[in-house]
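The next block holds one structure in the form of structure tokens; read it before the comments.
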Amino acid sequence: MKLSGKKILLGITGSIAAYKTTYLVRDLIKAGAEVKIIASPSALEFVTPLTLSTLSKNPVLSEYANTSTGEWNNHVELGLWADLMLIAPATANTLAKMAHGICDNLLIATWLSARCPVWVAPAMDLDMFSHFTTQNNLNILKKNNITILEPDSGELASGLTGKGRMQETEDILNQIIDYFTKDKPLKGKTVLITAGPTYEKLDPVRFIGNFSSGKMGFALAEKAAELGAKVILISGPVNVMEKHSNINRINVVSADDMFYAVQEHFPQSNIFISAAAVADYKPENQANDKIKKSDDRLTLTLTKNKDILKHFGNNKSPNQVVVGFALETSNEQENALKKLLSKNADMIVLNSLNDKGAGFQSDTNKISILFKDGKTKQFPLKTKIEVANDILNEIITLIQK
Ligand code: CTP
């Protein structure tokens, strides 16, 4: 059985979709999972404890204590017991309470104690779902590693049609099976990625920047998360959004900001991919007031930024993998190899501005990967998502050696 031995803590909250969850309980049990259910008090207006306990083969918990027996329902133990906690359906109210830590029932208390991955399957009317408060709350949850099972569009209990229907229970079940059974080679690994440009401030309104779009770094973040990693994505100013809930994005502006953000997260990371186009220099002085035009010539003095890749390449522990990028316009291989050695990287991903479709802004890239042992692997022109996959596969081969 596909879910044999897996412990699922199922939270049910007060939505009409709660009746559908009874089918999910039945299917989880059929697939071999052990299921414990915590229902919010209002969920029990939609489904009875008897139905749920019969299907799950476990008592249904809802209150902190069972007043007739004097027993306490230990939310900490429950939170630690589960391999996966799923709240389905998750109402707008429960999502809001989760986002703000409002702990007024056993379900939220258990969630606050859970150390396992947590998924929510929102179910509500379309206007409630698209309301800015719900969307803000979902964003807070997503940023904090909660997986959102996006609701489907269709006919709603209100009679309106739109986005807000809880996903079909077969689809939820399949995602749970996938989660537990799919080969995820980066599961348990933390991948730290820098992406995008850095902006170096000249005065309150101007900066020195570059044309990096952040697409390559974001593609790496998405793929690494899909492969099971916990991703910390430190991004300069870009117009790209991260999607996967395993990505924790940290926004920075300057090379110095990026350095300190990497410094904070590097020790806990297994893999560091330096995909950002970090500015090599910054203005020596930042003007407090806007620089006025006066003379015909203006000379700026720039000072060198810290080389983030080099610093952490030289300070890595033997089991950390560090990967850099090189964007070259001439003597590509030779320059990239120099970078690999001087920055003490395990791999350098080389892209040449001479290749059509490679480099900044585009959705495609053509890379070669240089390794410490002097070997080079060349890849054809591909989308940045495919390129990200190739790079991560090489990293996986390296860590499995
Ligand atoms: N990099 C970095 N910090 C810097 C500059 C670069 O972490 N201050 C990283 C980039 O993220 C990339 C790699 O170093 O992974 C290569 O950057 P690149 O700018 O091509 O190389 P430089 O060392 O700056 O050399 P040059 O500009 O002379 O080519």
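Indexing begins at 1, ligand by ligand and atom by atom, following the structure's order.
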Derivation of the salt bridge (Lys or Arg N to Asp or Glu O under 4.0 Å) call for Asp346 and Lys372: CA-CA 6 Å; Asp346 298 284; Lys372 256 185 175 165; 3.3 Å; yes
Contact check, side chains of Thr134 and Met124, non-hydrogen atoms, under 4.5 Å: yes
Region of Lys310 that comes within reach of ligand 1 [heavy atoms, distance under 4.0 Å]: neither
Residue Lys306 vicinity, atoms of ligand 1 by number, heavy atom under 4.0 Å: 3 (N), 4 (C), 8 (N)
Region of Asp307 that comes within reach of ligand 1 [heavy atoms, distance under 4.0 Å]: both
Derivation of the salt bridge (Lys or Arg N to Asp or Glu O under 4.0 Å) call for Asp307 and Lys343: CA-CA 9 Å; Asp307 189 320; Lys343 302 194 187 205; 2.8 Å; yes
Partner of Leu186 under side chain to side chain contact (heavy atoms under 4.5 Å, CB included), chosen from Val231, Leu392, Asn246: Leu392
Protein contact to atom 3 (N) of ligand 1 [nearest heavy atom, distance to 0.1 Å]: Ile308 N, 3.0 Å
Heavy-atom gap Ala255 to ligand 1 smaller than 4.0 Å: no
Side-chain heavy-atom pair Val387, Lys366 within 4.5 angstrom cut-off: no
Heavy-atom nearest neighbour in the protein, as seen from atom 14 (O) of ligand 1, with distance rounded to 0.1 Å: Lys343 NZ, 2.8 Å
Proximal ligand 1 atoms for Leu309, defined as those under 4.0 Å from one of its heavy atoms: 2 (C), 7 (O), 9 (C), 13 (C), 14 (O), 15 (O)
Test of proximity, Thr194 against ligand 1: N or O pairs below 3.5 Å: no
Residue, atom name and distance, where the atom is the protein heavy atom closest to atom 25 (O) of ligand 1: Lys339 CE, 3.4 Å
From Thr198, Asp256, Val278 - option closest to atom 4 (C) of ligand 1 by heavy atom: Val278
Among Met216, Glu222, Lys223, side chain to side chain contact (heavy atoms under 4.5 Å, CB included) partner for Leu220: Met216
Close side-chain approach of Val191 to Asn270, heavy-atom, < 4.5 Å: no
Ligand-residue contact atoms, ligand 1 with Phe325, heavy atoms, under 4.0 Å: 12 (C), 13 (C), 15 (O), 16 (C), 17 (O)
Distance flag for atom 28 (O) of ligand 1, protein heavy atom under 4.0 Å: no
Mutual orientation of the aromatic rings belonging to Phe266 and Phe312 [parallel < 30°, tilted 30-60°, perpendicular > 60°]: tilted
Structural part of Ala276 in contact with ligand 1, heavy atom criterion under 4.0 angstrom: backbone
Atoms of ligand 1 close to Asp280 [distance to a heavy atom under 4.0 angstrom, numbered from 1]: 5 (C), 24 (O), 27 (O)
Close side-chain approach of Ser113 and Leu78, heavy atoms under 4.5 Å: no
Among Leu192, Val321, Val323, Ile193, side chain to side chain contact (heavy atoms under 4.5 Å, CB included) partner for Phe272: Leu192
Close-contact set for ligand 1 against Gly324 heavy atoms, below 4.0 Å: 15 (O)
